[in-house]
2 protein chains.
Amino acid sequence: MQKKEVTIYDIAQALQVSPATVSRGLKNHPSISKKTCKKIQETAQKMGYRSNALASSLRTSRSFTLGVIVPRLDSNFMSTVLAGMEKSAVELGYHLIIMQSFETDEKEKECARLLFNHRVDGLLVSTSAERGHTEHFAPFLTKNIPVLFFDRVPLDPHPFSSVTINNQRAGYELTKIMLEKGARQLLHVTGNTNLRVYKERLDGFRSALKEFSISILPDHIWQTNLGVEDGIRAAEKILRMKTLPDGIFVANDTCAIAIINHLQKHDIEIPDQIQISGFNNDPFASLFTPQLTTVQYPGTAMGERAVTTIVDLIKNKNKSPKREELDFTLIPGSSTL
Amino acid sequence: MQKKEVTIYDIAQALQVSPATVSRGLKNHPSISKKTCKKIQETAQKMGYRSNALASSLRTSRSFTLGVIVPRLDSNFMSTVLAGMEKSAVELGYHLIIMQSFETDEKEKECARLLFNHRVDGLLVSTSAERGHTEHFAPFLTKNIPVLFFDRVPLDPHPFSSVTINNQRAGYELTKIMLEKGARQLLHVTGNTNLRVYKERLDGFRSALKEFSISILPDHIWQTNLGVEDGIRAAEKILRMKTLPDGIFVANDTCAIAIINHLQKHDIEIPDQIQISGFNNDPFASLFTPQLTTVQYPGTAMGERAVTTIVDLIKNKNKSPKREELDFTLIPGSSTL
DNA sequence: TCATTTTGTGCAATCGATTGCGTAAAATAA
DNA sequence: TTATTTTACGCAATCGATTGCACAAAATGA
């Protein structure tokens with residue numbers, strides 16, 4: 001039934017040349033005459049030849065495949081990053097195998113193993129929220145396969161590359177906006193501070209308060225999962241406080257908006273009673289009333305940069321890891337004064 | 001420098017058995033004694049052996065890889081579907097190569113070619129918005145590689161499988177909600193009706209109006225790109241109408257919310273003056289005030305179903321294509337009466 | 001015309017795992 | 001003990017493309 005695979009051998013036979021010549025001719029190798037090249041390519045076309053990437057990869061041990069491990073695919077931000085990655089990858093002749101770690105080290109490890117076996121030429125990782133071990137990336141190191149962390153990088157020191165933004169400064173600036181407008185009872189709703197991104201945003205929050213000589217109490221910092229549910233719960237908790245805070249820095253937009261929404265339902269005026277800022281500039285954020293103060297987190301750019309960097313490392317194995325930081329943009333909205 | 005690859009030959013030599021035995025032993029082939037199996041696996045572990053998926057795939061011509069082509073990665077709905085796909089795929093021992101067509105036939109074709117060369121075992125496609133040709137999937141057909149369309153399927157008849165929802169009925173029901181509450185001047189803001197999804201939603205809109213004996217004028221149907229910008233433009237256009245509509249069925253949530261937002265800014269009361277319904281139930285939709293009337297579009301489930309179905313087709317090549325339709329859920333909100 | 005350089009091709013090994021078929025050894029039956 | 005069945009394993013070909021090296025033919029130079 002199934003039509004036989006057309007290989008370079010078939011083409012070779014049809015043209016009465018050797019497979020070696022066909023292989024070279026197909027990619028315009030300089031030592032093959034123009035005429036033969038052309039003939040080979042035409043016949044290949046005619047016979048419906050399709051190069052077998054597997055065979056090629058096996059022989060050359062380059063798969064032109066990049067592995068990507070993300071906590072989850074269904075996040076606004078992450079899908080933007082992936083979009084950027086895919087675009088750049090294709091432009092550079094690579095493609096992506098994308099896997100989810102579901103925020104567990106266990107799965108992350110499993111993904112790494114699988115991608116390793118699949119002989120990816122490079123690995124792009126946004127780490128899981130569990131206290132991140134990095135040993136499972138060691139095999140890549142010994143085989144000299146570049147690994148690059150983006151967005152979420154391990155807290156521990158590691159010998160790999162990374163692409164991030166300066167979360168500390170972003171957190172600092174978002175907090176400062178509220179402080180400058182008079183907020184003094186500040187709250188920070190954050191995610192898992194095992195993750196460097198959240199830890200750094202928290203650091204930024206801290207240093208802004210410090211600058212205004214406001215002492216930081218542990219119960220001004222709430223660790224949540226930053227989902228809609230968490231926002232609602234946080235809002236309820238806020239409503240039960242004896243004195244309301246007058247400024248909240250929420251570590252992502254989803255949660256920030258959930259909080260705003262719930263507080264508004266209970267007749268709290270935003271930003272007059274409480275100023276609120278988010279993080280990420282999710283597409284919906286600008287549509288809310290009041291418009292959310294947030295930072296533009298350059299997802300697409302991050303994806304593109306991650307890929308171009310890792311491809312560069314693949315092509316120049318001798319280069320040492322690169323730590324890159326992208327610019328962010330403050331988006332002032334009417335959720336702060 | 002680079003450590004030499006450990007292969008089954010190395011293990012074979014270390015254990016003084018044949019590579020064939022090692023190959024079998026690693027996967028507990030029944031014809032290898034338990035004892036030998038165990039010994040082989042232990043040594044493999046000890047020597048740091050990693051199976052070479054490329055070699056295996058080349059030999060068996062099964063790559064355990066599924067190709068996925070989507071219009072774009074950075075869409076809320078799509079990332080949900082992909083999340084579901086990835087999850088199911090891993091569970092079934094497969095993984096995903098994801099590519100974007102950026103809504104052009106050209107790129108879609110290119111993606112198909114690439115994925116074909118990479119010997120994917122199956123192809124999952126959500127078609128581009130351009131008038132979809134399906135010839136580029138023909139090679140898959142001849143090689144008996146299953147192709148399955150999800151969400152966006154070609155308008156033309158085709159010999160492949162599909163997983164969709166009943167967009168026609170969903171559109172019908174969303175429209176009917178507004179009609180039953182008295183709306184009579186209805187507007188439909190839709191996407192590219194070359195796409196079956198939008199065409200069907202439009203059909204649903206039409207049949208609901210017909211049921212209420214309301215005639216449909218072409219200028220009650222606006223084709224847009226359904227983005228935030230498009231929503232704003234649509235809202236402005238609405239504001240300029242001599243008589244305002246009293247009901248709008250928008251073909252996705254993003255655009256619906258953009259419209260609501262803009263109309264509200266111009267003091268239009270939703271739903272009192274105009275009822276509005278969306279489509280998709282994007283995570284943010286429920287946070288808006290008024291809460292959007294929409295349909296829950298089962299992204300994760302769709303992704304999972306698409307993968308389980310295609311894997312089934314891969315394993316049973318003789319089975320004929322399957323057309324599946326998933327259930328949707330109406331989410332009544334306060335954006336309609 | 002003969003020597004030398006340049007061009008164009010082919011040979012054959014290689015990348016690592018798989019598998020149909022054959023067979024020696026062990027287990028069982030007679 | 002001999003015949004028969006089972007069990008456990010090895011041989012060698014195969015999947016398709018790549019590439020260092022050798023070499024013949026053509027082009028150039030003297």
Side-chain angles (χ1 to χ4, degrees), chain A residues 2-41 43-44 47-65 93 114 116-121 143, chain B residues 2-41 43-44 47-65 93 116-121 143 145:
Chain A
Q2 177 130 349
K3 265 203 196 125
K4 190 73 180 44
E5 200 75 51
V6 179
T7 73
I8 52 170
Y9 295 96
D10 302 321
I11 302 178
Q13 184 150 42
L15 255 41
Q16 291 299 310
V17 295
S18 80
T21 305
V22 175
S23 173
R24 295 192 177 100
L26 283 170
K27 48 175 59 95
N28 290 312
H29 191 283
S31 81
I32 302 292
S33 72
K34 298 281 160 238
K35 206 194 310 172
T36 323
C37 278
K38 188 145 159 274
K39 204 161 47 180
I40 289 171
Q41 285 166 21
T43 330
M47 297 177 66
Y49 167 79
R50 307 264 188 161
S51 122
N52 186 325
L54 292 174
S56 168
S57 295
L58 174 59
R59 180 62 230 256
T60 61
S61 52
R62 275 172 312 155
S63 64
F64 291 101
T65 300
L114 247 123
F116 185 93
N117 287 1
H118 268 272
R119 300 303 193 260
V120 294
D121 291 341
K143 294 283 301 301
Chain B
Q2 175 128 348
K3 265 201 198 129
K4 189 74 181 48
E5 200 74 52
V6 179
T7 72
I8 53 170
Y9 296 95
D10 302 321
I11 301 177
Q13 185 150 43
L15 254 45
Q16 292 299 309
V17 296
S18 81
T21 306
V22 176
S23 173
R24 295 193 176 100
L26 283 170
K27 45 175 61 98
N28 290 313
H29 191 283
S31 80
I32 303 293
S33 72
K34 298 280 160 239
K35 208 194 307 171
T36 326
C37 277
K38 188 145 159 273
K39 206 161 45 180
I40 288 173
Q41 287 166 18
T43 337
M47 297 178 67
Y49 167 79
R50 305 264 190 160
S51 122
N52 186 326
L54 293 175
S56 168
S57 296
L58 175 60
R59 180 62 230 258
T60 60
S61 52
R62 276 174 313 155
S63 64
F64 290 101
T65 300
F116 186 92
N117 287 0
H118 268 272
R119 299 305 193 260
V120 293
D121 290 343
K143 294 284 301 301
I145 299 170

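Computed from heavy atoms alone, side chains included, the values below leave out hydrogens, waters and symmetry copies. Each chain gets a letter, A, B and so on, in the order the sequences are listed, and its residues count up from 1.
Residues passing the side-chain hydrogen bond (donor to acceptor under 3.5 Å, both in side chains) test with A:T36, sequence neighbours excluded: A:S33. Every residue was checked against the salt bridge (Lys or Arg N to Asp or Glu O under 4.0 Å) condition with A:R24, not counting sequence neighbours, and none meets it. Considering only residues two or more places apart in sequence or on other chains, B:S61 meets the side-chain hydrogen bond (donor to acceptor under 3.5 Å, both in side chains) condition with none of them. With sequence neighbours excluded, no residue satisfies ring-ring contact (aromatic ring centres under 6.0 Å, His included) with B:Y49. Remark: A:R59 pairs with no residue by the side-chain hydrogen bond (donor to acceptor under 3.5 Å, both in side chains) rule, at least two apart or across chains. For A:F116, the side chain to side chain contact (heavy atoms under 4.5 Å, CB included) partners are A:R119, A:P139, A:F140, A:K143, A:I145, B:R50, not counting sequence neighbours. Applying the side-chain hydrogen bond (donor to acceptor under 3.5 Å, both in side chains) rule to B:S18 yields the partners B:T21; only residues at least two apart in sequence or on another chain are considered. Applying the salt bridge (Lys or Arg N to Asp or Glu O under 4.0 Å) test to B:K38 and every residue at least two apart in sequence or in another chain returns B:E42.
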Please tabulate the protein-to-nucleotide N/O contacts below 3.5 Å involving nucleotides 7-9 of chain D, giving atom names and distances.
| from | atom 1 | to | atom 2 | distance (Å) |
| --- | --- | --- | --- | --- |
| D:dC9 | OP1 | B:T36 | OG1 | 2.6 |
| D:dC9 | OP2 | B:S33 | N | 2.9 |
| D:dC9 | OP2 | B:S33 | OG | 3.2 |
| D:dC9 | OP2 | B:T36 | OG1 | 3.0 |

Detail all sub-3.5 Å separations between protein N/O atoms and N/O atoms belonging to nucleotides 24-26 of chain D.
none

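Heavy-atom distances under 4.0 Å link DNA chain D to A:R59, A:T60 of residues 57-65 of chain A, given in residue order.
Across the protein-nucleic acid pair, A:L26 atom CG and C:dG8 atom C1' stand 16 Å apart, rounded to whole Å. Atom CG in B:N52 sits roughly 17 Å away from atom P in D:dA17 (whole-Å rounding). The nearest whole Å value for the distance from the NE2 atom in A:H29 to the P atom in D:dT19 is 8 Å.
Nearest heavy atoms, B:S57 versus A:L54: CB-CD1, 3.5 Å. In terms of heavy-atom proximity, A:S23 sits nearest to A:I8 at CB-CD1, 4.3 Å.
Rounded to 10 degrees, the angle separating the terminal axes of the helix from C:dT1-D:dA30 to C:dA30-D:dT1 is 40°, with each axis obtained from five end pairs.
Note that the NZ atom of B:K35 and the CD1 atom of B:I40 stand 12.5 Å from one another [nearest 0.5 Å].
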